[in-house]
Chemist: 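Quick one: this structure, given as structure tokens, is what I'll be asking you about.
Here is how names work: the chains are called A, B, and so on, in the same order as the sequence lines, proteins then strands, and each is numbered from 1.
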Number of protein chains: 4
Amino acid sequence: MAPTPPFPGKDKVQVPPVATGTSSGTSPAKRAQILEGAARIFAEHGYEGASMSCIARNAGVSKGTLYNYFDSKAVLFCAFIEQCTREKLPLMFRRIDEGATMADSLEHVARELIELITSPLSLMLNRVIVSEAATFPELAKTFWANGPQQATSILAAWLTRAPQSELLDVPDAMFAAEQFYALCQTHIAGRARMQLPVDTSPAYIDFVARSAVRVFLNTYQRSGARLPPLTYSPAP
Amino acid sequence: MAPTPPFPGKDKVQVPPVATGTSSGTSPAKRAQILEGAARIFAEHGYEGASMSCIARNAGVSKGTLYNYFDSKAVLFCAFIEQCTREKLPLMFRRIDEGATMADSLEHVARELIELITSPLSLMLNRVIVSEAATFPELAKTFWANGPQQATSILAAWLTRAPQSELLDVPDAMFAAEQFYALCQTHIAGRARMQLPVDTSPAYIDFVARSAVRVFLNTYQRSGARLPPLTYSPAP
Amino acid sequence: MAPTPPFPGKDKVQVPPVATGTSSGTSPAKRAQILEGAARIFAEHGYEGASMSCIARNAGVSKGTLYNYFDSKAVLFCAFIEQCTREKLPLMFRRIDEGATMADSLEHVARELIELITSPLSLMLNRVIVSEAATFPELAKTFWANGPQQATSILAAWLTRAPQSELLDVPDAMFAAEQFYALCQTHIAGRARMQLPVDTSPAYIDFVARSAVRVFLNTYQRSGARLPPLTYSPAP
Amino acid sequence: MAPTPPFPGKDKVQVPPVATGTSSGTSPAKRAQILEGAARIFAEHGYEGASMSCIARNAGVSKGTLYNYFDSKAVLFCAFIEQCTREKLPLMFRRIDEGATMADSLEHVARELIELITSPLSLMLNRVIVSEAATFPELAKTFWANGPQQATSILAAWLTRAPQSELLDVPDAMFAAEQFYALCQTHIAGRARMQLPVDTSPAYIDFVARSAVRVFLNTYQRSGARLPPLTYSPAP
DNA sequence: CATGAATGAGAGTTCATTCAT
DNA sequence: GATGAATGAACTCTCATTCAT
């Protein structure tokens, strides 16, 4: 066999852990304009598939300007992900509205959670962050802290502080919230992330949400009769 | 502003639904050798990040040989994913061993499920398939059918045919299995997919597994007292 | 025998009828510089035999710049051919100068035609267009329209409008011009296209030109005695 | 500007003037079989566009066998062209049949000449030889000697030895034959070589042939009245 | 001798990045 | 500060040629 060069990996230089900040670039408006253009391209083509020329064109600036505001493609990508996770993701967690009963409130939470999980923004972020997790580990941290972590924390806090929380037996609120979160995902999230067809009819979402609540309360509600499983029959 | 052409991104050439086979290369050993090298590179760098030169070097063959066995990078990628999903994934679903009780049996299933979900192979497949879901939709289908779908089906079948299944009230076995699957994932799967640190200590896995079983049975077990939530205290 | 795939040759990608222009590159000077370099290489090696690296080197630009000005090798080739045929070929058809007699005028035309036919530009265009006629049929059309067609038309027009044209009996001026054109070529053109040695001495050219005129007029001149054939004796 | 390497030409190694012969290869049948396959591919794709794999496949032999019979692609190409020009081209020059009159005989010759010039074999040879004239100058020599040269010589010989040749005044038979040859081509040959549409209707061919004869005889026939030009009207 | 898998240089093309204007 | 033409390394893929079987 021919003598093979010693480096076993790929030829590309690994991107150093870049700070999100940038060297120059003064106009916040232009910065935002660039990020908007970048968002469209990164969301559609991913990190590797996006080209700086394309982003510049899409943002309506020259490539030189692009590099005035962001030192490299990696920096721009990080800025884009950070912005989404820091600014847009938290907006998706609305206050938990109180329902008449614990079950009503949780059902509301479940529906919002499912909607959140299957939202285009959330799926896109999930996709690109998972894709580039090895290259940009910081992004995953930020995303997790502002996404699932935050949602779980809010729910956990509510579980201990809700008006009817004395009805609950929740020794580990964070874990209980995790389980609730998981019960809301079922296979919907997994399939949506892989762009496989998903039943998102209101009836099915409702069934999933109410089932999640039922299963959750059967364990975490302090007293009362156990609720039997629900069934789902698609609309005739 | 300069007149910008209308195409915002670059055109990904869609790969036709090619058979995994190829025209000439016939030695199964060399084919396997190439797939091994490709696996290392694709797993580490994803589809776009992997280069054929690098794969060839890593597999110990020339680029020409690579193309003798696989007509294009896309075909090689598909072959790699298909092989993993078709040949390796199903091996991970072992028979469901019967325990003394329903809870024992389910706990065993839960532990295996968690192990499966967090296995490097499963995580890697998840990652690259999610990354390239838009480009290779067929791969997602295959993965889902051989992975989550199959696991869920096996569990659903067991739920209705297990020795003690008369103890269960499972009107929709597939959905119940989905919920069980989801309860096993909690945040472990999500964090692992993003290469974030995960507590995989046996004690924690055990806690997650037993909690999943408890929550599940509190809804789906036909009779008996409700089991209270468990708590987890890390090893001292 | 091994099972042979059905495609016997390779697939030439057909170039869409692209405009000569390009998306970005704007400096006409650099464009011209590139076309000059391309001309040298295409003229020497033909389309397939020329490499973009070589053209870039020869034009004194990088490959990237090449592709800034021309989207592909095919587009560059077309631009080169089009420029030659549209801009340079027509310049070669000078006005037809009036001589003292019809024969004088036609002899002048014949000499210019022979010179044109055997000019390096004309031979090169002929060669590369013939080579790639199947791949770039449009180029052949353009060449013909700006080359032989135009020359023939000009001559045909002159035959009907020349001062002494009442001396001629030309029922089909285009065909007569074609015959005159053909008589000027004899074997000179054919041999030159194949880069075989050709006698281009003024004496021989003169002989060919005068012979062409004589043969032509013996048929198309309305009256007068028939002129006998000429003879050629190489210079001592 | 960046420092450009000194070599201005292309990277490809120029093919040395190879002998037509080959090193080994013993079976004439297999040799012929290979040449047949090569003919199909070279004729369709030209020299550069043909690949040895494709030729081997088309000829029904392995690439190894190909190289047993022909040392290189260049040698194979030369062998193919030589075979065509040496064996097939001469077959196309049939004896010149005597007609009732000189004009009848020449008309017959003219029609055969036009047919020959526009035959697929002749056009293909012309095309590939012109394309590769710079690379394989020997081929052009061989083609010319066996094609145009031979045709012209045969005609020239007939002009001096024909039964009615005393009716002619042909001081330079070779040149007269050349003129006749040229008059038969008009624009038909040029357009056919460029794969442009050509009127090959029998009526038009007849017109061209008879016009050629008329123009020829008006100069080279010793006596008799001058014949006026013909006209052509397409079939209704 | 015939085979066809293996080779590796080189093809056309893209794109992150720089820098003179 | 903004521009976009220029760069050149790296990409995917092809193919003439070799050689172990």
Chemist: Please report the distance, rounded to the nearest Å, between CZ in C:F70 and P in E:dT14.
Modeler: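 To the nearest whole Å, that distance equals 15 Å.
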
Chemist: OP1, OP2 of F:dC15 versus side-chain N and O of D:S53: anything below 4.0 Å?
Modeler: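 No, because none of the side-chain N or O atoms of D:S53 sits under 4.0 Å from OP1 or OP2 of F:dC15.
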
Chemist: Atom CE of A:M52 to atom P of F:dT3: distance rounded to whole Å?
Modeler: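 That distance rounds to 14 Å.
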
Chemist: What is the separation between atom CZ on B:R57 and atom C1' on E:dA6, rounded to the nearest whole Å?
Modeler: 18 Å

Chemist: Quick one: are the ring centres of B:F77 and B:F70 less than 6.0 Å apart?
Modeler: no

Chemist: Do any N or O atoms from the side chain of D:Q33 and from the backbone of D:A59 form a donor-acceptor pair under 3.5 angstrom?
Modeler: yes

Chemist: How many whole angstroms separate atom CZ of A:R31 from atom C1' of F:dA2?
Modeler: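 Rounded to whole Å, this separation is 18 Å.
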
Chemist: Taking only side-chain nitrogens and oxygens of D:S62, does any of them come within less than 4.0 Å of OP1 or OP2 of E:dG4?
Modeler: no

Chemist: Walk me through whether A:S53 and A:K63 qualify under side-chain hydrogen bond (donor to acceptor under 3.5 Å, both in side chains).
Modeler: CA-CA 6 Å; A:S53 295; A:K63 277 198 280 184; 3.1 Å; yes

Chemist: Does any nucleotide pair with E:dA20 by Watson-Crick or G-U wobble geometry, both distances under 3.5 Å, and what is it?
Modeler: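 Partner of E:dA20: F:dT3.
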
Chemist: For C:I55 and E:dA11, what is the distance between atoms CD1 and C1' respectively, to the nearest whole Å?
Modeler: 12 Å

Chemist: Is any side-chain N or O of D:K73 closer than 4.0 Å to OP1 or OP2 of F:dA16?
Modeler: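 For D:K73, the contact criterion (side-chain N or O under 4.0 Å from OP1 or OP2 of F:dA16) is met.
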
Chemist: Any side-chain N or O of D:Y67 below 4.0 angstrom from OP1/OP2 of E:dT3?
Modeler: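 Answer is no, no contact under 4.0 Å.
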
Chemist: Start at the 5' end of DNA chain E and walk down; is the nucleotide closest to B:L66 or to C:T65 reached first?
Modeler: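 So the residue in question is B:L66.
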
Chemist: Once hydrogens and angles are ignored, does a donor-acceptor distance under 3.5 Å link the base of E:dA6 to the side chain of B:N68?
Modeler: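 Indeed, a donor on one side and an acceptor on the other fall under 3.5 Å apart.
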
Chemist: Counting only side-chain N and O atoms of C:S27, is one of them less than 4.0 Å from OP1 or OP2 of F:dA5?
Modeler: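 It does not, given that no N or O in the side chain of C:S27 lies less than 4.0 Å from OP1 or OP2 of F:dA5.
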
Chemist: How many Å lie between CD on B:Q33 and C1' on E:dA6, as a whole number?
Modeler: 12 Å

Chemist: How many whole angstroms separate atom CG of A:L76 from atom C1' of E:dC15?
Modeler: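 To the nearest whole Å, that distance equals 15 Å.
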
Chemist: So, the side chain of C:R57 versus the backbone of C:M52: is there a donor-acceptor pair under 3.5 Å, distance only?
Modeler: no

Chemist: Ignoring hydrogens and angles, are the base of E:dT17 and the side chain of A:K63 linked by a donor-acceptor pair under 3.5 Å?
Modeler: yes

Chemist: What does D:S51 touch in the nucleic acid at a heavy-atom separation under 4.0 angstrom: a base, only the sugar-phosphate, or nothing?
Modeler: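 It contacts sugar-phosphate atoms only.
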
Chemist: In whole angstrom, what separates B:Y47's OH from F:dT12's P?
Modeler: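 Checked: the OH to P distance equals 8 Å.
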
Chemist: Under 3.5 Å, side chain of D:K73 to main-chain N/O of D:Y47, donor-acceptor pair present?
Modeler: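 Looks like yes, one N/O pair under 3.5 Å.
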
